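See below for the structure under consideration.
This structure is a prediction, so every number in the text was calculated from the model and none was measured.
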2 protein chains.
Amino acid sequence: MSVQERKQRERAERERLIVATARELAEQQGWDAVTTRRLAERIEYSQPVLYSHFRGKREIIGAVALDGAAEMAAALRAATAAEDGPHARVTALARTYLDFAARNPAVYDAMFELDGGLAFAHEDTPQPLKDGFAALLETLDQVAGDGVHPGLFTEVFWAALHGLATLTRAGRLPPEDTGTRVALLVDRLAVA
Amino acid sequence: MSVQERKQRERAERERLIVATARELAEQQGWDAVTTRRLAERIEYSQPVLYSHFRGKREIIGAVALDGAAEMAAALRAATAAEDGPHARVTALARTYLDFAARNPAVYDAMFELDGGLAFAHEDTPQPLKDGFAALLETLDQVAGDGVHPGLFTEVFWAALHGLATLTRAGRLPPEDTGTRVALLVDRLAVA
DNA sequence: CCGAAATCCTAGCACTGCTAGACAAGCGAG
DNA sequence: CTCGCTTGTCTAGCAGTGCTAGGATTTCGG
């Protein structure tokens, strides 16, 4: 049995390599450069190997997205835990969110811009995505205000952050004023 | 000279046909289905004709985006003009924006999601885009609040709308609560 | 009416995601 | 240890993509 276990381990290892390589390549040269051929060459296997791990390119993007979601959730929790008071925590949350999106554009694209074939807002939503939303909710819950459903408030706040992230990265918003925009957003949306 | 004029007219007419057909096809079957071959077949010309009007597919997407921006700006102005009072106008603005995005997903994608090769936030930004932003600013200017730069406020509000639009359409947010989200957003962001 | 110029199309390139079928390596059974 | 078989991998290829070179056809000006 040990032989099979080793094989399974190696297979899982290779799968992680595929995802990590795809992410790296996307971050370096953009998702357009992530072709099955280039990806296969980088992991030093032939293309069909990719399809023995994933149904197709979409699923690879989806895997990168899940990794990213877990990472982002951890970053958000770490950033908010270091702050005192709801207002400071929300500010830190927003800054960290936008910072993550700016520093990992390819991963952010995999999560929200590209089609990774992931389910959302259903019971069959993958755990890391649920957890990412939960990380937002934990902090935003405290500033939703009376009579406002925390989940709905989180959705609105998240949408605002998402809009800022995407529009800034696409060159639609000048990046210099990000700090001011965050301050305005937090001051208005979050009730003490 | 009349002959040349007629030719120019026909050329312009054909260009409009290309853009309209691209938009129609994208709205019917998604942008993935808008290939140069299919598009060429629909306008009953060969592919190279497309390239005598546009540098490439990107520019076609850009042309659809510009059309859409003009349309959206008109819709926003019409909707806000019919309302009395700043709060009602902002609400109408937000509703109209999200409604436009929901009803014309392909056009909205061309404007913001896809790369149409358009410049933004510079002096060489095409006029319809500037005008779209101006349409937002006209209404939001009234509710920015004291000491808040109207342009910056508009950017934040716009980002929030954009986030709601994209996340809803991608299935990330349940569509039922759109009205509630808009109400929350307007109530908090807009200062009476 | 005829040469020149503008217009358009056929054919093809390099690339994409994805897959069938050949091939080799490693396994368990005798 | 050897034989058959499963398992894993690769080569080669398909249909489709955006885009373009070069030839054919139409249309214009003299």
Side-chain angles (χ1 to χ4, degrees), chain A residues 1-19 21-23 25-26 28-65 106 109-110 114-118, chain B residues 1-19 21-23 25-26 28-65 106 109-110 114-118:
Chain A
M1 282 299 167
S2 171
V3 177
Q4 288 189 12
E5 281 176 18
R6 194 205 64 213
K7 288 209 169 188
Q8 245 179 332
R9 236 184 5 248
E10 286 174 354
R11 226 187 116 75
E13 177 66 26
R14 193 172 62 180
E15 189 159 316
R16 276 175 35 209
L17 176 65
I18 292 174
V19 177
T21 306
R23 174 174 176 168
L25 189 52
Q28 284 172 358
Q29 312 184 31
W31 277 107
D32 281 353
V34 183
T35 69
T36 55
R37 279 170 237 275
R38 255 192 287 263
L39 187 51
E41 197 194 9
R42 285 227 182 177
I43 64 167
E44 295 179 312
Y45 282 94
S46 66
Q47 299 169 50
V49 167
L50 299 175
Y51 292 87
S52 75
H53 288 270
F54 302 95
R55 283 172 173 276
K57 197 184 170 183
R58 273 174 49 156
E59 272 199 6
I60 298 179
I61 297 173
V64 172
D109 280 349
L114 302 175
D115 180 15
L118 300 176
Chain B
M1 281 299 165
S2 169
V3 177
Q4 288 190 11
E5 283 175 17
R6 193 206 63 212
K7 287 211 168 186
Q8 247 178 330
R9 236 183 7 247
E10 287 173 352
R11 226 188 116 74
E13 177 66 26
R14 193 172 62 179
E15 189 158 317
R16 275 175 36 210
L17 177 64
I18 292 173
V19 177
T21 306
R23 174 174 176 170
L25 190 52
Q28 285 172 356
Q29 312 183 31
W31 276 107
D32 281 353
V34 183
T35 70
T36 56
R37 279 171 237 276
R38 255 193 286 263
L39 186 51
E41 196 193 8
R42 283 228 182 176
I43 64 167
E44 294 179 312
Y45 281 95
S46 66
Q47 298 170 47
V49 167
L50 300 175
Y51 293 87
S52 76
H53 288 270
F54 302 94
R55 284 173 173 275
K57 198 184 169 183
R58 274 174 48 154
E59 271 198 6
I60 298 179
I61 296 173
V64 172
D109 280 349
L114 302 176
D115 180 15
L118 300 176

Taking atom C1' of C:dT16 as reference, at what distance in whole Å does atom CH2 of A:Trp31 sit?
16 Å

In terms of heavy-atom contacts, A:Gly56 and A:Tyr51 come closest through CA-CE2, 3.8 Å

Rounded distance in Å - CD (B:Glu59) to C1' (D:dG18):
14 Å

Sequence neighbours left out, what passes side chain to side chain donor-acceptor pair (under 3.5 Å) with B:Glu44? Give chain and number order.
none

Can you find a heavy atom in the side chain of A:Ile60 that is under 4.5 Å from one in the side chain of A:Thr36?
no

Atom pair distance, as rounded to whole Å: CD in A:Glu10 and P in C:dA25:
17 Å

Rounding to an integer number of Å, can you tell me how far B:His53 NE2 sits from C:dA6 C1'?
14 Å

Hey, does B:Arg11 reach any base, or is it just sugar-phosphate, or nothing, if we go heavy atoms under 4.0 Å?
nothing

Rounded distance (Å) that lies between atom C1' of D:dG8 and atom CG of A:Leu50
14 Å

Taking all atoms of both residues into account, what is the closest heavy-atom pair of A:Arg42 and A:Thr21, and its distance?
CB-CG2, 3.6 Å

Rounded interatomic separation in angstrom, taking CD1 from B:Ile60 and P from D:dG18
9 Å

List for me each residue that meets side chain to side chain donor-acceptor pair (under 3.5 Å) alongside B:Arg14, sequence neighbours excluded, and say none if there are none.
B:His53

Salt-bridge present (A:Glu13, A:Arg16; N to O < 4.0 Å)
yes

Tell me: OH of B:Tyr45 to P of D:dT26, nearest whole Å?
14 Å

All N/O pairs under 3.5 Å across the protein-nucleotides 17-24 of chain C interface:
| residue | atom | partner | partner atom | Å |
| --- | --- | --- | --- | --- |
| C:dG17 | OP1 | A:Val34 | O | 3.4 |
| C:dG17 | OP1 | A:Lys57 | NZ | 3.0 |
| C:dG17 | OP2 | A:Thr36 | N | 2.8 |
| C:dG17 | OP2 | A:Thr36 | OG1 | 3.1 |
| C:dG17 | N7 | A:Arg37 | NH2 | 3.1 |
| C:dG17 | O6 | A:Arg37 | NH2 | 2.9 |
| C:dC18 | OP2 | A:Tyr51 | OH | 2.9 |
| C:dC18 | OP2 | A:Lys57 | N | 2.8 |
| C:dC18 | O5' | A:Tyr51 | OH | 3.3 |
| C:dC18 | N4 | A:Gln47 | OE1 | 2.5 |

Mind calculating the distance between CZ (B:Arg38) and P (D:dG18) to the nearest angstrom?
9 Å

